[in-house]
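Read the structure below first, then the notes.
When reading the values below, keep in mind they use all heavy atoms of this one structure, side chains included, and skip hydrogens, waters and symmetry mates.
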Amino acid sequence: MTDTIRDPATGSRQDRYVPGEIEKKWQQRWREEGLYEVDLNDDSRPKYYFLTMYPYPSGDLHMGHWYAEVPADAAARFTRMRGYNVLFPMGFDAFGLPAENAAVKAAREGVPNVHPARLTYERIERMKQQFDQMGAMFDWSKEVVTCDPEYYKWNQRFFIEMMERGLAYRKESVVNWDPVDQTVLANEQVIDGRGERSGALIERRLMPQWHLKITDYADELLDFEGLDWPARVRTMQTNWIGRSEGAEVVFKSEQGDDIVVFTTRPDTLWGATFMVLAPEHPLVAKLTSDEQRAAVEAYVERTSHLTEVDRMAEAKEKTGVFIGAYAVNPVNQARIPIWIADYVLMGYGTGAIMAVPYGDQRDFEFAREFGLDIVPVVRPDGAADDDLDPGRLEEAWAGPGTLVNSGPLDGIRHNGEKGRASPAIAAAIEYLESIGAGREQTTYRLRDWLISRQRYWGTPIPVLYCDACGIVPEKLENLPVVLPEDVAFMPTGESPLKTHAAFLNATCPRCDGPAKRETDTMDTFMDSSWYWFRYLSPHDDDRPIDPELADRWTPVDMYTGGIEHAILHLLYARFFTKVLRDLGYVNISEPFRSLRNQGMILGSDNEKMSKSRGNVVNPDDLVAQYGADTVRAYLMFMGPWDQGAPWSYTGIDGQARFLNRVWSLVVGGGEGDEAKASMTEADLRRAVHHAIKEVTEDLEAFRFNTAIAELMTLQGALSKARAAGLAATDTWREGVRTLLKLLAPIAPHITEELWHRLGEEGSVHLQSWPEHDPAALVVDTVTMAVQVNGKVRGQIEAPREADKDAVLALARAEQNVARYLEGKEVAREIVVPGRLVSFVVK
RNA sequence: GCGAGGAUGGCGGAACUGGUAGACGCGCUAGACUUAGGAUCUAGUGGCCUAGCCGUGCGGGUUCAAGUCCCGCUCCUCGCACCA
């Protein structure tokens, strides 16, 4: 049994739409002809750098990749047809834990010869084959694979140059330790107290680690001037950086130690009735009295063992211990007790606070819990003395008001603004500075970027430890420090670099004495922080970035990718670009001019696709069944791209039908009933130009779903026109060609096939984008609604040129409208040209 | 708790500066062609007590006119979360 017999209506097999055949054929032709290879030095057309986030080579291209990349491809193709020289490269974020974990697992199970490198390159090959069947116009000649020494060598160079400038440094700090992945993680990689990848509960450990000084760039990173980015991402980054303006105030312990606190409300200093130090604060041991020592040590011990999750779970109730020491408030010499509590974090500000229970809800709760004094210092507008009575307060007052009980600051207004924008805060800062007890200060929530990873499969950090010289960077001419391949993975997951003698034992670059290599590798976000520069010259052995090409092609004009990178990758990439600028490699400060985020594609059960849930939809199977063009069109049709959507198996049939109808417009078959259709050439021409206008605007705005809806409408109009006998007209033939061009970015294979079947020689993808003729959109008569007292009572056909009086006359004459106007007094008449007429009657 | 976004037919979703709510598609119903149809084509499809009335999460308001603007809520999603 063959298809031909099963489908007598459409004639020979050759005339049927068989996606599997034409898609392979065109993919091969495009490759052979180098259709998508970009000449970076071509300046005959304006350049456009269209970038989509490169994937981790998991070995399988899943629906999420398709959802991310197919619409990006359509937008890139559209841009190209509009006359730009579009660079649309692709590569692989090839370092990372999964491949190494697979090797560790194999070692545990006694399977030999599983190495992350081999695994990764195999997976890359497989994914590239899957990429091919997507029909995307990636220019693979610029491919970047980050685990290649020719790439990561430059990570090492950047690192050393950053070290020389103090932007990379080693420091002992409390870190997030992931016990499953056996490595530390950056703050950004810890979600709800758990490792982003492993999901393991994060432990706190004190370890020496390498950091990059992203905090030096905090203020510059808050500036999004000139960036066309979603507000959501800008807000998330702004919140993450968390700039707070305020003051540093120095309290003295009774023993004479300086205790520095940070506060955003120095104007409430007269209301500070106690101090709280973080349990890890270095002064705790020294200041604690003998009587309190046992209690304090117990509390410190307890908090140090709590995981982040435990601490959050206990956040409801305030806990803490008095350490038996007192401090002096510098503005009024009040003697105030010093406590420790875990609601004060060592990692923020100075790890110590002045507690103003009247003005801060947390301090208020703490004071109530432990019976500490509350002194009112801000009178809310209109508040009576009774309202300020500490005994009657139910919560802290952080809003605007006038300062009271505040010595020289009494009567000054706090207007609720932050920093010096509040007269009270400004006055407090000046007063503090005048008595030498503090100064204006800005603090950030952002921490320096911790890049050390205790894992093998990453860029080796190029430093050595020499007994004589200390920490020494590798010489630039010795780069790259290559990851040794002859390593044995241990079942424990511990990095094999730690026991690899040939790697470990090296010569000190400074004194030629014996030295040990650093065994930590770099966070893989380092790789993705500059890869778009490398696409421009992926194999340049002399320098990481070609300065001329970088000047010409960057910043990236359009960057697309998942919202999950709003903070991590996108913040690091911005930081790194600024560092590269300061190191003299590039002349730009921002890497990505425009940014668009796609949503997530979910399983049909509305849950995230995962093997364990069994709701994974495999694109390969769908492509085999429907063809890539149908899958592409469906992914773009499901809804707004930035919203994401649950997968549905039923909806995809609609796209298959649509493409079949387009096919039949060129090849024949599927004609409707001629007798019922009527359409003029002018109607058809209007439909075509309307579609050009709408599809163009939709694609510009990444509204793929409505673009396809318009294309369906155009297909419907062409089918109807054919049934109405217009198929022999130039208008119809031109309409079909326009449809193919407008559809080409979305469904590249079928449009290319049909374009050639129309007798064209060149590729449809090299055609220029159609432009609509406004004159073609003009209609002779418009349908207008007629309302009486706000309700639609009829419709009229009015000549386009009709003036207000003529339209009103037509409206009054409409049968049903006349009925409602009869015997009534018309109080108002409103005419919205081309839209409606509205009568108000009494 | 703070910040951002959202709620429209049985379903996914349209709707420009307030101007005929439900484009486009899925599903469903009927018909045509058929030995057959889960193919194709045609027509219909928000609800109801159907010359009309009611309908865009809920309650108010502005307006000739509100999915769209204003006030007050509810719920959902995402991000941050004891950040001083």
Review point. What would the secondary structure line of RNA chain B be in dot-bracket form, counting Watson-Crick and G-U wobble pairs under 3.5 Å, with [ ] for pairs that cross earlier ones and | for pairs with another strand?
Key: (((((((..(((......[....)))((((((.......))))))(((...)))..(((((..]....))))))))))))....
Partners passing side chain to side chain donor-acceptor pair (under 3.5 Å) against [X] (at least two apart in sequence or in another chain):
{"X": "A:Y444", "answer": "A:D219, A:R243"}
{"X": "A:D360", "answer": "A:R362"}
{"X": "A:Q787", "answer": "none"}

Point to revise | Nearest-0.5 Å distance that lies between atom CD in A:Q655 and atom CE in A:M636 | key: 9.0 Å
Check your understanding: Which part of the nucleic acid does A:Q655 contact within heavy-atom distance under 4.0 Å: base, sugar-phosphate only, or nothing?
Key -> nothing
Exercise for review: Give A:P640 one of three labels, base, sugar-phosphate or nothing, depending on what nucleic acid heavy atoms sit under 4.0 Å from its own.
Suggested key: sugar-phosphate
Separation of atom [atom1] in [X] from atom [atom2] in [N], rounded to whole Å:
{"X": "A:F637", "N": "B:G12", "atom1": "CZ", "atom2": "C1'", "value": "8 Å"}
{"X": "A:E280", "N": "B:C82", "atom1": "CD", "atom2": "C1'", "value": "14 Å"}
{"X": "A:D642", "N": "B:G6", "atom1": "CG", "atom2": "C1'", "value": "11 Å"}

Review point. Which letters describe nucleotides 51-56 of chain B, given B = protein heavy atom under 4.0 Å from base, S = only from sugar-phosphate, - = neither?
Key: SSSS--
Report all interatomic pairs (protein N or O, nucleotide N or O of nucleotides 27-30 of chain B) with separations under 3.5 Å.
{"residue": "B:G27", "atom": "OP2", "partner": "A:R657", "partner atom": "NH1", "Å": "3.3"}

Point to revise | Pairs satisfying salt bridge (Lys or Arg N to Asp or Glu O under 4.0 Å), at least one member in residues 640-664 of chain A, at least two apart | key: none
Practice item. Output every pair passing salt bridge (Lys or Arg N to Asp or Glu O under 4.0 Å) with a member in residues 689-702 of chain A, not counting sequence neighbours, ordered by first then second residue. Key: A:R82-A:E700, A:K693-A:E697, A:D698-A:R703
**Study point:** Contacts of type side-chain contact (heavy atoms from CB on, under 4.5 Å), residue A:R234, not counting sequence neighbours
**Key:** A:F224, A:W229, A:A231
**Study point:** Those residues of residues 699-718 of chain A lying under 4.0 Å from RNA chain B by at least one heavy atom
**Key:** A:N705, A:T706, A:A709, A:M712, A:T713
Would you tabulate the pairs of protein nitrogen or oxygen atoms and nucleotide nitrogen or oxygen atoms of nucleotides 62-66 of chain B closer than 3.5 angstrom?
{"residue": "B:C64", "atom": "OP1", "partner": "A:R828", "partner atom": "NH1", "Å": "2.8"}
{"residue": "B:C64", "atom": "O2", "partner": "A:S838", "partner atom": "OG", "Å": "2.9"}

Point to revise | Residues forming a salt bridge (Lys or Arg N to Asp or Glu O under 4.0 Å) with A:R812, sequence neighbours excluded | key: A:E829
